[in-house]
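Structure first, then comments.
One is the number of the first residue; the rest follow in order along the sequence. All of these numbers come straight from a predicted model, not from anything done at the bench.
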Amino acid sequence: MNKVPKYGTVILVLHGLVLLLHDQAHANLEIYLPLLKYIFAYAVIVFAPLLATVMLWTRWRRHGTWLFLFSMFGSLVFGAYHHFVLISNDHVCYAPQGTWLSAFRITAVLLAIIEVGGCWFSIWALKQERGSALPG
């Protein structure tokens, strides 16, 4: 059986678990995003990888792999910009003090690592698909 759907599912689960902790840290530290950024975040960071992973298990695997790549890349850019570049209370160095501050910082870094891994996985999976289409 093809390993692409299995690996994609593992990445999705890891990403989702860390994202849940990160979201909890956001709530406990009272770090809120404007509505349009929340909509983008949930569409690209939550729902797109979920849909992409479901597609990995179907005949639309190649489309799912592309969606997975774009969602992980979009998540990475959004998170890296907000957590490490833009000076705001969503930046790891300027977040409000609280018992969840360490969890916020750790999960921000873990999300970036997982999202880089998700991008790498997607590129690898696209190469696997292309390789399997070759005769012989």
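- Listed here is the closest heavy atom pair of V54 and T58: O-CG2, 3.4 Å.
- Between F70 and V44 there is no side-chain heavy-atom pair separated by less than 4.5 Å.
- Counting only N and O atoms by type, the side chains of W57 and T9 include a donor and acceptor under 3.5 Å apart.
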Please step through side-chain contact (heavy atoms from CB on, under 4.5 Å) for the pair R61 and N2, ending with a clear verdict.
-> CA-CA 10 Å; R61 178 178 297 151; N2 194 320; 2.8 Å; yes

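- Residues T99 and N28 form no side-chain contact, since every pair of their non-hydrogen atoms from C-beta on lies 4.5 Å or further apart.
- A donor-acceptor pair is defined here as one N or O able to donate and one able to accept, closer than 3.5 Å; no such pair exists between the side chain of H83 and the backbone of V92.
- Between atom NE2 of residue H82 and atom CD1 of residue I87 there is a gap of 12.0 Å, rounded to the nearest 0.5 Å.
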Using the side-chain contact (heavy atoms from CB on, under 4.5 Å) rule, take L101 and R105 through it: C-alpha gap first, then chi angles, then the decisive distance, then the call.
-> CA-CA 6 Å; L101 182 57; R105 290 175 172 163; 3.7 Å; yes

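- The hydrophobic clustering, which links ILVMFWY residues whose side-chain heavy atoms are closer than 4.5 Å, places W60 and L50 apart.
- To the nearest 0.5 angstrom, F68 atom CZ is 4.5 Å from T53 atom OG1.
- The side-chain heavy atoms of S75 and L111, taken from C-beta on, include no pair separated by under 4.5 Å.
- Taken together through direct or relayed side-chain contacts under 4.5 Å among Ile, Leu, Val, Met, Phe, Trp and Tyr, L14 and V18 form part of one hydrophobic cluster.
- Residues W100 and I31 form no side-chain contact, since every pair of their non-hydrogen atoms from C-beta on lies 4.5 Å or further apart.
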How far apart are the C-alpha atoms of I11 and W120, what are their side-chain angles, what is the distance that settles it, and do they pass the side-chain contact (heavy atoms from CB on, under 4.5 Å) test?
-> CA-CA 11 Å; I11 293 169; W120 178 86; over 6 Å; no

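- H22 and H26 have perpendicular rings, their planes meeting at more than 60° on a 0 to 90° scale where under 30° would count as parallel.
- Here the straight-line distance linking atom CG of L35 with atom NZ of K37 works out to 12.0 Å at 0.5 Å rounding.
- The CH2 atom of W124 sits 9.5 Å away from the CD atom of E129 when rounded to the nearest 0.5 Å.
- Within the 4.5 Å cutoff, the side chain of S71 has no heavy atoms near those of the I45 side chain.
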Begin from the C-alpha positions of Y94 and L86 and carry the test side-chain contact (heavy atoms from CB on, under 4.5 Å) through to its verdict.
-> CA-CA 10 Å; Y94 299 96; L86 180 68; over 6 Å; no

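- Under the 4.5 Å side-chain contact rule for hydrophobic residues, L126 and L76 do not share a cluster.
- You'll find the side chain of F73 reaches within 4.5 Å of the side chain of V77, heavy atoms only.
- In this structure, F121 is not a member of the same hydrophobic cluster as M55, with clusters built from ILVMFWY side-chain heavy atoms closer than 4.5 Å.
- One finds the OG1 atom of T65 at 11.5 Å from the CD1 atom of I123 (value rounded to the nearest 0.5 Å).
- At least one side-chain heavy atom of I106 sits under 4.5 Å from a side-chain heavy atom of L110.
- Clustering ILVMFWY residues whenever any of their side-chain heavy atoms sit less than 4.5 angstrom apart, transitively, puts Y42 in a cluster other than the one holding L51.
- Using a 4.5 Å heavy-atom threshold, the side chains of L33 and F78 count as touching.
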Verify ring-ring contact (aromatic ring centres under 6.0 Å, His included) between Y38 and Y32, making sure each step is shown before the conclusion.
-> CA-CA 9 Å; Y38 263 118; Y32 303 110; 7.4 Å; no

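- Here the CG-CE distance, from L12 to M72, works out to 7.0 Å after rounding to the nearest 0.5 Å.
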